[in-house]
Structures are given as structure tokens and as C-alpha cells.
Amino acid sequence: MPSLWTRIIHGTFSQFPHQFLKMERHILDKVCIMSSCLFLCLIMWTVPAEGYFIRNCTVHGSLNYTDRLKVLCYKMSFHQVPSDIPHNTKVLDISINYISQLKEGNFKNLTNLSILNISKNHIGFLEEGVFKDLMSLYEMNLAHNALREISGGMFKGLNNLTELNLGYNHIKSIEPSTFQILSNLRVVNLSFNALFDIEQIREVLKHFRLREIYVGGNNFSDFSTEKISNLSLNVQVLDLSYNPFRYLKITSDIFPNLIVLDLSYSGSKNGFQWEVKNTSFVSGVKRLFLNGTHVSYSQMQSILRSFSNILEELYLNKLQSQTMQDYLNVTCLVLPKLKVLSLQNNKFISLQKKQLEYCRQLEEIDLSKNKLQNMSKTLFQGLNRLGFLNISYNNLTAVPNATQNITSLQTFDLSYNMIKHLENYDFMNLTNLRYLNLAGNVITLITGSLFSNLFNLQVLKLGSNLILSIQGPLSPSLGKLEVLELRINKLSSIKNSTFLYLNSLKELNLIDNQISSLEEGSFLGLQRLKALLLGSNKLTRDTFRKTDVFTGVTGLNELQFFDNYLSYESTDKLSYPPFLSLKFLNRLTINSQGHNGLLNFPSNLLEGLTSLKELHAGNLNINELHPDTFSYTPMLSFLDLSKNVLSTIDSRVFRMVSSLTEFILSQSRLESLDFLIRANLTKLKVLRGKRNELNTINETLIRSLPLLKYLDLQQNPFTCDCDNAWFVNWSLSNPHTQVIYFNKFRCGYPPNLKDMTLESMRTDSCVVNINLICFISSTTLVTVTLVVSFIYHFLRWHLIYGYYLILAFLYDKKHRFQNKEKMICYEYDAFISYNTKDEPWVLRELVPHLEDTEGWKLCLHHRDFEPGKPIIDNIVESIYKSRKTICIISRNYLESEWCSREIQLASFRLFDEKKDILILLFLEDIPTSKLSPYYRMRKMVKKKTYLKWPENDKGTRVFWHKLNVALNAEEGYKKDPYINDLNEN
Ligand SMILES: *[C@@H]1O[C@H](CO)[C@@H](O)[C@H](O)[C@H]1NC(C)=O
Ligand SMILES: *[C@@H]1O[C@H](CO)[C@@H](O)[C@H](O)[C@H]1NC(C)=O
């Protein structure tokens, strides 16, 4: 019924806007201030404050403390230095990115930065003053970039810089003054650049604080002290390796402090010319590198002679043009103080007797990575100081007998040869040996008597062999052994008392064997054992069925049991919990890497582990956790349950683990983390839930983890709608928890936003919602109050009027419905609407004529209205009970509200029933101007039948006839030309 409402609005409220504007000004002002205030609040809400979050970086350390903030942004496709680095960062790593220039402001305010790594970018340009705020910077790595020159004030402000790495750039020129700014510089690396003249580094070398300079891999062809200085320098380490020197001339005493000289891979195929005017000019050099040089025998002689009386360490690895073998002895003769000789990678096949005859002073010799098959029995005779011998990565098939009598030997590396048997070798005289490495050979058997007399052995490595069994208890002489490594072998069982005498053993590594049974008492005697590593074997629950295999090792701190075949049919309590006696155990790994896994986690599997702090229980193929699972481990602080199909976890599981600080739940098909809300993990600092099915993270969850520092939820299918709005804003702006790589989180839902990042989701509309509700409700309240008081003041009557209209409308609807049900049957022929002032006319003229003469039944309010009933109800009812409504219009009538209402109500019926029920009867002439406020009546007059009471008696006959016709008419629409002029306006 649209036009009804149109009418109400038009009729009743048409003046509203006008009136509203006239409303008192200050009230309006108040409303405006309130609303703009609310909007301001909204804006402040959505602008993120400075938070922990830096796009693509991880932050280690706390924002709250000023010390040690480490920001790692390496390998993250940055094209620019990230701008949001916290000002208290101490270490910043932005290496391996695509940054091509550094501009002023890039490191603004990082006054606490002490280590900066920007290596492996594409930096070709450094704006002057870019580092000017970095007053605490100690170490800077700019290696592997595209710098071409060092010039101007590019290092301005780096007053504390001590180490500068500019290696692997394309530096061709260095402006002398550039390094002078760096007043604290001690170490400079300029290796592998495009420098070509030693004069270019003159100013660097002359830097009074400089101690180490690395200029290997440039294009220097001549080195002459004349070109550098005539004053002595402070340099201690000089690396000139990988330069195509034609000659090196040291003609003055400018290196009195030089200790280390590296000439590796220098010179051409013909070596280089070496000239030292006076051996005292290099008399401080203790360590010399000549690896990979092409120098001939005579050149070598002349070089070594210069260092004759002082050199202690000589590195001759991978020599190119000669077999060093032939003059090993001469070398030792020339260098009587030599202690360390490195001869790696020289293709030696065998070493003859007396080749080390003059090397008696040697303490360390490295012969690794050669092709040695044998060596003379007496090779090491007389080398009474030899403590270190490395013959790993050779082709030896047995431990060389030549080594049997090196009684001074402490470290002996025989790894990665082809040694099969140890039986023929006598370790008897190696009583000083502390470290023996036999890993990577083809040993198959270990017997108890093998290592007798190794009273001082601390570390024995036998990993990566083919050991099938260990026979008998290992030698009682291994009483000082602390580490025994047997990993990657073929052991299938451990026999009773195998380690009985290893009373000092701290770590036993049996990882990656085929062990399926541990005999009772396997670990007997290992009373000091701290770490037992049994991972990747074939142990099953039967291992623990009968007896306690851990007898004797109850002091164990760490047990690695990952990747075995431990499994259970149910979570029911075990009668023999396997770890019952390990009350000092801190760390337990029972995770699996692809076998069956536990299948079920017995509720008391961890019984006895009262000290357990760290549990790795990932990938166990378990689906649920019994609420009692961790009730035996009150100290638990690290728990990894990743890769189990858990879906959810009973909160009761965490009753006893209130100390938990790190919890890993990655890849567990979790759909929600809400179980943590009631877990009471108030000490949790790290929570990792990568690759689950998480959709939303809510505020309650986060609030239940008050100490959370790192939250890793990468690769979850987040819902990108307002449910996550709080999480998004919190991740971006909270200053306590770092949501690791939050900017990489993607939407999994809704489908049209799939693969969009969660970060790019618009949350302002969500935030507005909350505020908008407040805003709207308060505004509405204000407006309603204003409008109501306004209406009360100015439009009271319109309001009452509107109310009655609505009542009529409802009555109308009701009746219409009823009328449709049954045939209409009227009580009256006409309802007469008139003003009491016109009553005399009605009673004198109308009633007698219509009722008495014509026989119509009329409804008159003074006569027919039901007493006691509200007047409006009476009107409405009367209208509906009558076939027609006759309005007696006079000036009085128009002035009465009730009368005009009667017209209106009747007009509803007219409208509803689409019948002409209204008869307008004008008692007097009413000018258009008088009628015009009665908008509705005017409209009706325009298209309705109406009659006029004639002024003289002549017309009364016609009048009564017309009225009679009108009362008779069913659908009367007759236009009387007589009144037409009234319509024109
Ligand atoms: C963050 O890393 C991703 C890819 O790892 C990259 O596409 C994005 O541009 C990086 N963001 C910034 C700000 O560098
Ligand atoms: C051990 O040293 C002793 C005394 O020097 C010597 O007699 C013995 O032959 C040596 N043993 C081996 C196996 O070389």
C-alpha cells in the first residue's frame, strides 16, 4: 500500500526538513562534534602502532629490552633496505637479496647496530652519509656486491668500525682519504676485486690501527715495499693470495709486525720472483701459506730461506708443479723451528724412510687427502714431539706400522681410508693418545683387546664402518674414554657387559645400526653416561618387556630413541613403562621418520621421567593423547608433537605441563588452536603450528598465552574475513609477539580471495563495524531525542493524526480480509460526517429527507455511535458499516479536526475497495484559497462527485435527486461541471 505511506509522509511530515533546519544551532553543533570525535577514534584504531612485525624478517630478542636485538632478513627478495628495523637492533643481516643501492636514511637511527651484513646483494652505489647514524657499528660485511670504487664520504660516521669486508666486488679504485675516516679499523678484506696496483692499497696499509688486510684475488703483478711506504707498518696479517705476481720485493723493514703471510695460489705457471734484501725484514713471520703455488724447487728454497730461523707453520697444500716428497727433508732442514707442516692434497703415494729425518721438531703433520698406500716403518722415528697426525682420506688398507711408536701422539686421524683389520696393529705404545678417529673405513669386527694401553683415550670414533659385532667387554684400559661413536654400522645387538669398563663414558652413539635386541645389562658399567643415542635402529616394545635395559645408566640426561619400531595397540596403561628408572632424563626423542610410529601413546609411557624437559614426539602416527600422558613430566618445557594427525587435543593433557615454553604442533591437521585457551600455558614463549588447517585465530587464544614471543603459523588456510581482523591487526602491531613471516600468510577462504595474503585483507571495515555500532547507536539516540522533542513541540497534532491513520489502516486491513471472506452486508446506507455546528441543517433537512422520504438508513454520530468506545473506533467502524459516507462540508467542518479525519478515513476505504463511497456535500461556497490547506480534500474534489446545497429553494429538488442517485450508485464517478471552477488552481 505504498501510496498510503506516501500520503502519510507528505501529509504529516512534509514540513519536516524545514523545521529541522530551524532547530537550535548548538544542538546540531554538539551532534557534529560527537560524530567527528567518534570518527577520529576509528582512524586511530586502524593505524598500526610500531610493532614487532617486519615484513620478511625474523627478530630475535625482546623489543622491551635494549640489549641484543637480532634482525634476520636474509634471502627474502628485498630490493630495498627494510624501513621498519627497530632502533635497538644490534645485529642486522640483510644478505642475499636484490638491494642495488644504499641511500641516506636507509639505516636511520640504528645507533645501536654493531654488526651489519649486507653481503650478496647487487649494491653498486653507496650514497655519501648512508652510514652516518651507525656510530656503534663494529663489523660490516659488504662482500659479494657490485661496488666499483671506494670514494668520498661513503663511510662517514663509522667511527667504531673495526672489521670491514669488501671482498668479491668490482672495486677498481680507492680514494686514499676514504679509509682515514675509519679511525678504529683493524681488519679490511678487499679480496677478489679488480685492484691492479699495490699502490692502490697504500693508504689502507698505512692506516695506523690496521692489523689484518686481505687483498687476495686481485690483479696485482708487482709487490714492492718501495711503492708502499718507507715507514714501518702495523700490519700483522697480510693475505696476498690469488694474485698474478711477477715479483715480490721486500727491500725495507716496513713489516716488523707481520706474523702471517699468505701467498697461496700466487704467481703464474712459472711461479714468481722472490726477493728479500734482509731476512730480518720478515723476521716476525711465523705462519706462511704457499698452497697451490707453481714455484719450482729453487724458488721454494729461496722463499723458505728468508724465513729460515723463525717460521713455525708452513702450509704446502695442493702444490702444482712438483712433488714435495723429494725435499720434505730439506724443508725441515731450512726451517729448524717448524712445528706445523701441512701437506694435504699433494698426491703422495708413499713416504720413504728418512724423508722426515730432519723434522724432529714437528708437532703437527697433516698428510690428509693424498693417495698414501704405505709409508716406511721408520718414517716417524725421532719425531718425539709429534702430537697430531692426520692421514685421513688416503688409500691405506691398514693402520701404518710406522705410527706404532709415536708415543707422543695425542690426536690421530685415520678416517676415510680402506682399513679393514685392526688386529695386526699394536696400539700398545700410544699411551698418550686422546683422540682416535677410525670412521669411514671398512672395519667389521671390534674385539675387547684391541685398544689396550690407550689409557688416555677420550674420544674413539668408529662410525661409518661395517662393524657387525663387538666381542667381549671393551678393554679396561679405556677407563678414560668419554665419547664412543659407533654410528652407521651393522650392529644387530648389544651384548651384556659390552661397555662394562667404560666407567668414564659420557656419550655412546649407536645411531643408525640394525640393533633389534639389547641384552639385559647391555649398558652395565656406564655409570657416568649422560647421552645414549639409540636412534634409527630396530628396537621394539619387546626391548623393555622383561627387564630394565637401563640398569646402570640411571644418570642418563639424554636418550635418543627416534626412528625405532616402538608401537602400542592402545593408550592403556603399561605394566612396564620403559623409562621408569630414568629419573634424571632431560631430553627424550621418540619421534619417527616414516616407520609405523607409536600408533598409540600409552597413558603412562613417560612414567618415571620426572626431570624430563624436552620431548620430541613428532610423526608417531598417533591420533589422540590420553589426558594423563604428561602427568608424569612436570618439568616439561619443550614439546614437539608435529606431524601427528591430532585434529585437536584435550585441554586436560596440559594439566601438569605448566612449565612449557616451546610447543611445536606443525603439520598436525589441527583445525583450531582453541584447546590452548584452557590449557593454561602461561609460560609458553614459542608456538609453532605450521602447515595445519587453521582458519582463524582469536583474541581469547592469544590472551591466554601472555608470554608468547614467537608464533609461527605459516602455510595455514586462513579465512580472510572479519573473524581474523583482530588477529591481522594484532600481528602487525603488537610489540610482544612476533608472528613469523606473517606477510606470507595466505587466504584459504573465501574462494575468490584464495592465495591473496592475509595481510592485504582490508580490516578497516571490520574494525569500523564495532565502532560504527557505537557510533550509529549513539547518533541515533541523539537524533531520536532531538526529533521526538522537536515533534512534540511542533508536530504534536501531526503525530496524533498519523497515529490514527495507522490505526485506520490496520482496521482497514482487517476488514478487507473479512470482507473477502464473506459477502459484504452493510448496516447503514450512509454515514454522515458533519460538524456539530451544522447539526441543525442535518436534523432539519437531511435526515427527514433521506430517512423519512427516501427510506435510507443513516448513521449519525450523536445517535448511533456506541457509547464508551473511543471516538476514532466509532468513526472507523461507522464508515465501514455504511455503504457510503456523506461529508457535509462547511467552513465549520473544515475547521474541525475530527471531520477532516473522517474524510480521510473514508478515503482509505475508497482506495482499498476501489469503490466510490465518498459523497462530498458542500453547504456553502468555499473559495479555493480556503480549501488549499486541505490538500487531501482538494485532490479528492478534483476527481470526485460532489454536490452543492443550493442557495435558493428552486434547486433543492435537483439536489435531493442527485443525492439519491449518488446514494444509489455502485461505482459512481460523475463529474459535475458546476463545481469545475473549484478545481482550477
Ligand atoms: C617478501 O618475500 C616475498 C617472497 O619471499 C616477496 O615476494 C616480497 O616482495 C617480499 N616483501 C618485501 C617487502 O620485500
Ligand atoms: C713399544 O715400545 C717398546 C719400548 O720402546 C718397544 O720395545 C716395543 O717394541 C714397542 N712396541 C711396538 C708394538 O712397537
Side-chain angles (χ1 to χ4, degrees), residues 325 328-329 332 339 341 343 348-368 370 372-462 465 467 470-482 484-485 501-502 504:
Q325 234 161 313
L328 264 179
N329 232 345
C332 287
K339 287 181 181 155
L341 179 59
L343 292 161
F348 295 173
I349 293 166
S350 67
L351 286 168
Q352 307 308 319
K353 63 176 174 185
K354 298 198 173 172
Q355 272 185 322
L356 294 174
E357 195 184 356
Y358 299 113
C359 299
R360 286 164 193 243
Q361 73 291 350
L362 271 189
E363 290 171 9
E364 291 183 20
I365 182 161
D366 187 348
L367 289 162
S368 64
N370 278 290
L372 288 170
Q373 287 170 4
N374 54 59
M375 40 185 81
S376 158
K377 258 188 174 171
T378 56
L379 183 67
F380 298 105
Q381 216 166 48
L383 275 66
N384 298 328
R385 295 183 185 175
L386 195 65
F388 176 100
L389 175 60
N390 186 351
I391 36 178
S392 63
Y393 295 95
N394 275 289
N395 296 334
L396 301 167
T397 53
V399 186
N401 286 334
T403 60
Q404 258 176 180
N405 277 312
I406 317 174
T407 50
S408 54
L409 207 58
Q410 296 189 355
T411 303
F412 192 9
D413 193 343
L414 281 157
S415 60
Y416 298 94
N417 276 285
M418 295 185 289
I419 300 164
K420 196 167 183 181
H421 300 289
L422 295 172
E423 291 81 21
N424 305 328
Y425 184 81
D426 199 337
F427 288 99
M428 201 180 87
N429 285 344
L430 299 183
T431 49
N432 282 309
L433 208 58
R434 288 181 165 70
Y435 174 98
L436 175 60
N437 191 349
L438 282 160
N441 282 291
V442 287
I443 301 161
T444 52
L445 184 72
I446 298 292
T447 58
S449 57
L450 266 182
F451 305 106
S452 51
N453 274 23
L454 297 179
F455 298 113
N456 286 303
L457 199 65
Q458 290 169 357
V459 178
L460 176 57
K461 295 197 167 194
L462 289 163
N465 274 287
I467 301 167
I470 303 171
Q471 282 175 6
L474 288 172
S475 167
S477 58
L478 293 172
K480 285 194 178 165
L481 197 65
E482 291 179 3
L484 176 56
E485 190 203 89
Y501 305 116
L502 308 187
S504 299

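Each ligand, and each atom within it, is numbered from 1 in the order the structure gives. Reckoned from all heavy atoms, side chains included, excluding hydrogens, waters and symmetry mates.
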Is there a side-chain contact between Phe380 and Leu409 (heavy atoms, below 4.5 Å)?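 When only atoms from C-beta onward are counted, Leu409 and Phe380 do not touch, as no gap falls below 4.5 Å.
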Quick one: do the Asn429 and Asn405 side chains pair a donor with an acceptor below 3.5 Å?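 Yes, because at least one side-chain N or O of Asn429 sits under 3.5 Å from a partner of the opposite role on Asn405.
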Distance alone, cut at 3.5 Å: any donor-acceptor contact between the side chains of Asn456 and Lys480?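 There is such a pair between these side chains.
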Flag atom 4 (C) of ligand 2 as yes if some protein heavy-atom distance to it falls below 4.0 Å, otherwise no.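 Under 4.0 Å from atom 4 (C) of ligand 2, zero protein heavy atoms found.
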Quiz question for you: does at least one protein heavy atom lie closer than 4.0 Å to atom 9 (O) of ligand 2?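 Neighbour list for atom 9 (O) of ligand 2 is empty of protein heavy atoms (cut-off 4.0 Å).
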Asp426: numbered ligand 2 atoms lying under 4.0 Å from its heavy atoms: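 Counting from 1, the qualifying ligand atoms are 13 (C).
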Is Thr407 touching ligand 2 with its side chain, its backbone, both, or neither, if touching means heavy atoms under 4.0 Å apart?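 The answer is neither.
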In the protein, what heavy atom is nearest to atom 12 (C) of ligand 2, and what distance, to one decimal place, separates them?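 I find the closest protein heavy atom is Asn429 ND2, 3.6 Å.
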According to the interplanar angle, ranging from 0 to 90°, do the rings of Tyr416 and Tyr393 count as parallel (below 30°), tilted (30 to 60°) or perpendicular (above 60°)?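 The rings of Tyr416 and Tyr393 lie parallel, inter-plane angle below 30°.
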Can you tell me which residue among Leu460, Leu481, Leu484 is in a side-chain contact (heavy atoms from CB on, under 4.5 Å) with Leu474?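 Testing Leu474 for a side-chain contact (heavy atoms from CB on, under 4.5 Å) against Leu460, Leu481, Leu484 leaves exactly one candidate, Leu484.
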